[in-house]
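For the numbers below, each heavy atom of this structure counts, side chains included, while hydrogens, waters and symmetry mates do not. In the text below, chain A, chain B and the rest are named by the order of the sequence lines, each starting its count at 1.
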Amino acid sequence: MKPTINYALLVLLCFCGSVNAEVPTFTIEIREHLFYPSQLVIPANAKVKLIVINRDSTPEEFESYELNREKIIMGGAKAIIFIGPLIPGDYPFFGEFNPKTAQGMIRVEN
Amino acid sequence: MLDAVLLILREVLEAALILSLLLALSNKLQLNYRWSFLALLLGVAGSWLLAHYAYDIADAMDGTGQELLNASLYGAVILSVVVLSLFILPLAFSSVKDIASTRYNQLAHQQQLLYFLFVVIVSFSLMREGAEIWIYLSAFAHQEDAMSSALIGAAVGAGIGMSLGAIIYYVFAFMRQRYFLPVFLLVVTLLAAGLSMQIAKQLMQIGLLDSGKPLWDSSFLVDEHSWLGELLYALVGYDSRPAPVQGFFYLLTIAPILVALLWRIWRLRVTTHE
């Protein structure tokens, strides 16, 4: 029984390690409560890694109802957010702490 | 200021709802309310600590600390709600007289456990939501004008949230004993199941689970941006585009309570037939 469990754990570990190895990566920066770029095109039906770098000294929350994501990014810090696989379409996102200015959109294309 | 009102209301609503439901339960089971002071104290202190160490938490575990911590807090709350529901469930099948006498005496022995569950549920919910409020307000630390405006907004938002909580409390506290426990169980089960979808969301965000194609898209029916959407989100974890794995977490949370319920019904039928 025990070797089986060990083996299963090993397989799981390899799986977790490899699962995010070859993921396309995109970077978004926050400056003066604005997203750069404010529009990002990513491939459809693929898992994508977003790196959000907050260049402001104040915290921001990356939030999107459409992408089903929310993450606080402290001032001067960097955050990694995995999204997708997504079907083609437009997915708006915004900064919850500065919703008036911090607006952006992820366009998913085939 | 309006931004602050909405943000704080969104954060406070869920914690206020949970607190009100458990206070109403305390009322119905003739337990005292002292636990709520401890829960609020722990929740506020904990949320401040989470905000204070936000950088370290976010950097921990290869940048997945925030999500893993949130998932753990959600997990503890859900587990406590499920255990609480399993305790309350038998009471829903006993008559009002029973609750007042024998059942209540039995419950008296488990009071400590109930208080412990109440404190965990409320303080952990408050910690997670409260930390976001502290972090949000910290942005205005060096701007006095913006800070006072944000603080007024926060006070208004918190006030609205607590008023809604008070309404929920009175609705439940004045409910007839016969209906109270079934309705309470239904509401907390849906609430816990809704929270479990948040765990899935946290794990998808760090790439540990895959999102997959949404089970459905009901955004045309109830938009998550709308007031109804926000309210449903706080109540039952409404998600207009849930991923399959979120649905799985939802069912997994409901399962133990549903099984216990069916078992009770089956036992009731057996005993009445004997």
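- Atom OG of residue Ser211(B) and atom CG of residue Leu67(A) lie 9.0 Å apart, to the nearest 0.5 angstrom.
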Exercise. Would Glu66(A) and Glu224(B) satisfy side-chain contact (heavy atoms from CB on, under 4.5 Å), going step by step from the backbone distance to the final call?
Worked result: CA-CA 9 Å; Glu66(A) 286 73 11; Glu224(B) 275 167 90; over 6 Å; no
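- For the atom pair CD (Glu70(A)) and CD (Gln66(B)), the distance works out to 9.0 Å, reported to the nearest 0.5 Å.
- Counting heavy atoms of neighbouring residues, nucleotides and ligands inside a 6.0 Å radius, atom CZ of Phe248(B) does not exceed 12 of them.
- Gln143(B) contributes atom CD, which lies 8.0 Å from atom OG1 of Thr58(A) (distance to the nearest 0.5 angstrom).
- Asp90(A) CG: more than 12 foreign heavy atoms inside a 6.0 Å radius.
- Here the CD1-CZ distance, from Ile206(B) to Phe82(A), works out to 9.0 Å after rounding to the nearest 0.5 Å.
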For this session: Using the side-chain contact (heavy atoms from CB on, under 4.5 Å) rule, take Lys47(A) and Met204(B) through it: C-alpha gap first, then chi angles, then the decisive distance, then the call.
Result: CA-CA 10 Å; Lys47(A) 196 170 174 175; Met204(B) 288 191 291; over 6 Å; no
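- Using non-hydrogen atoms only and a strict 4.5 Å limit, the part of residues 117-136 of chain B facing chain A consists of Glu132(B), Ile135(B), Tyr136(B).
- Remark: Lys78(A) NZ to Asp59(B) CG distance equals 9.5 Å, nearest 0.5 Å.
- More than 12 heavy atoms of other residues, nucleotides or ligands lie within 6.0 Å of OH in Tyr36(A), so this atom counts as buried by the packing criterion.
- Closest heavy-atom contact between Tyr55(B) and Ala77(A): CE2-CB, 4.1 Å.
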Would you be so kind as to tabulate the donor-acceptor pairs closer than 3.5 Å made by side chains of residues 149-168 of chain B, with sequence neighbours excluded?
residue, atom, partner, partner atom, Å
Ser163(B), OG, Gly159(B), O, 2.6

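- A donor-acceptor contact closer than 3.5 angstrom is absent between the side chains of Asn68(A) and Gln205(B).
- Taken to the nearest 0.5 Å, the CD atom of Gln202(B) stands 9.0 Å off from the NZ atom of Lys71(A).
- Heavy atoms closer than 4.5 Å to chain B are found in the side chain of Glu61(A), but not in its backbone.
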